[in-house]
Asks: 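Below are the structure tokens for one structure; questions will follow.
Numbers here simply count residues along the sequence, with the first being 1.
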Amino acid sequence: MYEPIRTKSVHTMAAAPEIPHRSREQELDIRLAGQLTALLTVTDELHALATRMDGGAQGTGPAGAALDGAALDGAALDGAALAAAAERIAEQVARLSGGHYPLRAEPTDGGAPARIEALQQRAHTLAGNALAVATSRGDSAAMSLAAERMEAHTAALRDRDLATA
């Protein structure tokens with residue numbers, strides 16, 4: 001009574017096996033690279049502020065945050081430490097991205113030194129996010145880098161609080 005369908009259904013074509021699917025590890029690699037790239041951007045911004053402030057600091061704290069009573073509410077930045085950290089972050093992103101180094105944006109020119117605390121807090125948060133992803137991925141190199149950056153930004157915020165108190 002009914003004639004069988006002789007052509008393929010349009011609904012079966014949607015479930016074609018040619019659609020690429022990523023594994024959980026690939027997804028975590030992408031997330032970790034994204035978190036580290038965001039951390040790199042904030043680190044570059046902090047480095048640009050440190051360069052603009054001309055680094056004439058008298059003493060440095062454990063995070064590379066220099067202390068100077070004359071410099072912007074008592075806190076300054078160590079540009080060399082931030083540049084080294086940025087390079088290490090870029091190397092990790094390249095490792096996760098198949099050898100492709102991340103594009104690095106030119107930091108904004110009109111940044112006020114009063115933004116240092118907000119940038120340090122943002123960098124701390126991003127490092128924490130990267131640490132969480134690296135831990136779930138089981139990547140010890142990224143975990144140690146993220147933990148180191150978290151400690152550095154925590155110490156910088158603590159030093160800034162002590163300098164302004």
Asks: Rounded to the nearest 0.5 Å, how far apart are CG of Leu157 and NE2 of His153?
Replies: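 Here the interatomic distance stands at 8.5 Å.
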
Asks: Would you check if Arg149 and Arg88 make a side-chain contact, meaning some heavy-atom pair closer than 4.5 Å?
Replies: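 Side chain of Arg149 against side chain of Arg88, heavy atoms only: no contact under 4.5 Å found.
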
Asks: Is Arg122 paired with Glu45 through a side-chain N to carboxylate O contact shorter than 4.0 Å?
Replies: no

Asks: Does the pair Arg95 and Asp139 meet the rule for a salt bridge (Lys or Arg N to Asp or Glu O under 4.0 Å), with working shown?
Replies: CA-CA 11 Å; Arg95 180 181 61 86; Asp139 186 339; 2.5 Å; yes

Asks: Please assess Ile30 against Arg22 for the test side-chain contact (heavy atoms from CB on, under 4.5 Å), listing each intermediate value before the final yes or no.
Replies: CA-CA 10 Å; Ile30 292 167; Arg22 287 180 250 186; 2.9 Å; yes

Asks: Could you check if a side-chain atom of His124 sits within less than 4.5 angstrom of a side-chain atom of Asn129, using non-hydrogen atoms only?
Replies: no

Asks: Just how far is it from atom CG of Leu82 to atom OG1 of Thr43, taken to the nearest 0.5 Å?
Replies: 6.5 Å

Asks: Give, for atom CG of Leu46 and atom CZ of Arg115, the distance between the pair rounded to the nearest 0.5 Å.
Replies: 8.5 Å

Asks: Do the charged groups of Glu25 and Arg31 touch, with an N to O distance under 4.0 Å?
Replies: no

Asks: Using the rule given for salt bridge (Lys or Arg N to Asp or Glu O under 4.0 Å), can you reason through Arg104 versus Glu87, listing the C-alpha separation, both sets of side-chain angles and the distance that settles it, and then say yes or no?
Replies: CA-CA 11 Å; Arg104 294 171 77 170; Glu87 287 306 314; 2.9 Å; yes

Asks: Among Ile89, Val93, Leu32, exactly one meets side chain to side chain contact (heavy atoms under 4.5 Å, CB included) together with Thr37. Which residue is that?
Replies: Val93

Asks: Treat each ILVMFWY residue as a node, draw an edge where side-chain heavy atoms are under 4.5 Å apart, and state whether Met143 and Leu40 are in one component.
Replies: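 No, Met143 does not connect to Leu40 through the hydrophobic network.
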
Asks: Using 0.5 Å steps for rounding, measure from the CZ atom of Arg52 to the CG atom of Leu49.
Replies: 5.0 Å

Asks: Would a distance-only check, ignoring hydrogens and angles, find a side-chain to backbone donor-acceptor pair under 3.5 Å from Ser97 to Ala94?
Replies: no

Asks: Heavy atoms only: give me the nearest Arg137-Leu28 pair and the separation to one decimal.
Replies: CA-CD1, 3.9 Å

Asks: Evaluate the criterion side-chain contact (heavy atoms from CB on, under 4.5 Å) for residue pair Leu126 and Met150; output intermediate values, then yes/no.
Replies: CA-CA 8 Å; Leu126 290 167; Met150 275 187 74; over 6 Å; no

Asks: Out of curiosity, Leu131 CG to Leu39 CG, how far, rounded to the nearest 0.5 Å?
Replies: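 Taking CG in Leu131 and CG in Leu39, the distance rounds to 11.5 Å.
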
Asks: Asp44 and Ala86: which non-hydrogen atoms are nearest, and at how many Å?
Replies: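 Between these two residues, the closest heavy atoms are OD1-CB, 3.6 Å.
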
Asks: Tell me if a side-chain donor or acceptor on Gln26 pairs with a main-chain N or O of Ser23 at a distance below 3.5 Å.
Replies: yes

Asks: To the nearest 0.5 Å, what is the distance between CD on Gln120 and OG1 on Thr125?
Replies: 11.0 Å

